[in-house]
Amino acid sequence: MDFDDLFQEDFTLMDGDFENQVEFFTEVATILERKGYVKPSFCEAIIEREKVFPTGLEMSGIVIAIPHTDTVHVRRPFVFVNQLRRPLEFIQMGTTDKVIEVEIVFVLGICDPASQVPLLATIMERFTQEKFIKELRNKQSKEELAAFLKIQFGRMSE
């Protein structure tokens, strides 16, 4: 599948610095709502879903989170990427209390539930590749990072 159109410079941030998840999700939701990608209900919905279904993952040498919420809160599909300046605490997926220090967050905005599983699988598969992680960490600007992700998640990478 081709997911490159979900990645945009406007939704790719570097050096995010947040005190907690609520501050992080509030900033992301504000940007997305201003651009017309989510409904006003998105912020509260993603915060609440993360409490019930944690999305932190320790992958091959990198710690990520892939938060998302129900499609009813999303107007247009997107992946909002934030490479954090300092780690942000998330609970590890599949647990209720294991805190992990996340380095990069991929907030998913899905309109078609059928595309959610393939997108999650593709993201998780990329994060098992050392070369992908090394290149990701070497990106110095949001423009470089967005371009890299478009290539990695487009048809060319299959």
Side-chain angles (χ1 to χ4, degrees), residues 2-59 62-93 95-96 98-120 122-124 126-127 133 136-154:
D2 185 10
F3 297 114
D4 68 320
D5 57 330
L6 298 178
F7 295 88
Q8 300 177 36
E9 276 184 32
D10 285 352
F11 302 149
T12 305
L13 300 179
M14 307 275 294
D15 295 326
D17 193 3
F18 304 94
E19 292 300 317
N20 54 50
Q21 282 184 19
V22 171
E23 185 180 323
F24 170 79
F25 286 130
T26 300
E27 180 169 316
V28 169
T30 299
I31 293 167
L32 290 165
E33 190 177 345
R34 195 177 313 131
K35 298 271 187 179
Y37 277 74
V38 299
K39 297 177 182 175
S41 58
F42 179 83
C43 187
E44 184 177 339
I46 200 164
I47 290 168
E48 292 306 312
R49 188 180 192 290
E50 188 66 28
K51 288 177 187 174
V52 178
F53 300 106
T55 62
L57 288 167
E58 292 182 286
M59 303 294 286
I62 193 167
V63 184
I64 66 170
I66 312 173
H68 49 281
T69 191
D70 296 325
T71 58
V72 68
H73 306 288
V74 179
R75 295 180 196 270
R76 295 169 59 191
F78 63 87
V79 177
F80 193 111
V81 179
N82 200 317
Q83 196 163 16
L84 302 168
R85 178 179 306 145
R86 62 185 169 106
L88 189 59
E89 289 185 351
F90 275 75
I91 301 296
Q92 183 170 313
M93 189 181 291
T95 74
T96 56
K98 184 174 183 207
V99 176
I100 59 176
E101 299 285 323
V102 168
E103 301 170 51
I104 188 165
V105 184
F106 280 64
V107 179
L108 308 185
I110 305 297
C111 291
D112 173 17
S115 67
Q116 184 167 318
V117 171
L119 177 57
L120 280 169
T122 302
I123 290 171
M124 290 172 70
R126 291 294 184 274
F127 277 101
I133 294 168
L136 179 80
R137 283 189 166 136
N138 286 334
K139 300 309 170 206
Q140 299 297 311
S141 69
K142 73 179 202 168
E143 294 81 12
E144 278 184 35
L145 182 57
F148 172 73
L149 293 170
K150 279 183 160 299
I151 291 168
Q152 290 298 311
F153 290 97

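Scope of the values below: all heavy atoms of this structure, side chains included, with no hydrogens, waters or symmetry mates. Values in this document were obtained by computation on a predicted structure and should not be read as measured data.
- A search for salt bridge (Lys or Arg N to Asp or Glu O under 4.0 Å) contacts involving D70 returns nothing, not counting sequence neighbours.
- Closest non-hydrogen pair, A146 versus Q8, comes out as CB-C, 4.2 Å.
- Heavy-atom minimum distance, C111 versus V74: SG-CG1, 3.6 Å.
- For K142 (side chain) and M14 (main-chain N/O), no donor-acceptor pair under 3.5 Å exists by modelled atom type.
- Within the model, atoms CD of E9 and CG of L149 stand 11.5 Å from one another, a figure rounded to the nearest 0.5 Å.
- Looking only at side-chain heavy atoms (C-beta outward), V105 and L84 come within less than 4.5 Å of each other.
- For F24, the ring-ring contact (aromatic ring centres under 6.0 Å, His included) partners two or more places apart in sequence, or in a different chain, are F18.
- For the ring-ring contact (aromatic ring centres under 6.0 Å, His included) test, residues two or more places apart in sequence or in another chain that qualify with Y37 are F11.
- Take P113 and apply the side chain to side chain contact (heavy atoms under 4.5 Å, CB included) test, not counting sequence neighbours, and it matches T71.
- Taking E89 as the reference, nothing meets the side chain to side chain donor-acceptor pair (under 3.5 Å) condition, with sequence neighbours excluded.
- For F7, the ring-ring contact (aromatic ring centres under 6.0 Å, His included) criterion is met by F153, not counting sequence neighbours.
- Annotation for P40 and R75: closest pair CD-NH2, 3.9 Å, computed over non-hydrogen atoms.
- Note that the CG atom of L136 and the CZ atom of F127 stand 5.0 Å from one another [nearest 0.5 Å].
- Shortest non-hydrogen contact noted between T95 and I91 is OG1-CG2, 3.4 Å.
- By the salt bridge (Lys or Arg N to Asp or Glu O under 4.0 Å) test, D17 is found to be paired with R85, R86, residues two or more places apart in sequence or in another chain being considered.
- Qualifying salt bridge (Lys or Arg N to Asp or Glu O under 4.0 Å) partners for E23, counting only residues two or more places apart in sequence or in other chains: none.
- Here the side chains of H73 and V38 are not in contact, with every heavy-atom distance at 4.5 Å or above.
- Taking CD1 of I133 as the reference point, atom CG of N138 lies at 12.0 Å (rounded to 0.5 Å).
- Screening residues 103-113 for salt bridge (Lys or Arg N to Asp or Glu O under 4.0 Å) gives E103-R137 as the qualifying pairs, with residues at least two apart or on separate chains.
- Counting heavy atoms from C-beta outward, V81 and L145 have side chains that approach closer than 4.5 Å.
- In this view, E101 satisfies the salt bridge (Lys or Arg N to Asp or Glu O under 4.0 Å) rule with no residue, not counting sequence neighbours.
- Applying the salt bridge (Lys or Arg N to Asp or Glu O under 4.0 Å) definition to pairs two or more places apart or across chains, those involving residues 35-55 are D10-K35, E48-K51.
- Separation of atoms CZ (R126) and CZ (F3) is listed at 9.5 Å; rounding is to 0.5 Å.
- Taking every heavy atom of both residues into account, K150 and D5 meet most closely at NZ-CA, 4.1 Å.
- Taking CD of Q92 as the start and NZ of K98 as the end, the distance is 4.0 Å to the nearest 0.5 Å.
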Hey, can you pull the donor-acceptor pairs under 3.5 Å for the side chains in residues 62-69, sequence neighbours left out?
{"residue": "H68", "atom": "ND1", "partner": "I66", "partner atom": "O", "Å": "2.8"}
{"residue": "H68", "atom": "NE2", "partner": "Q116", "partner atom": "NE2", "Å": "3.3"}

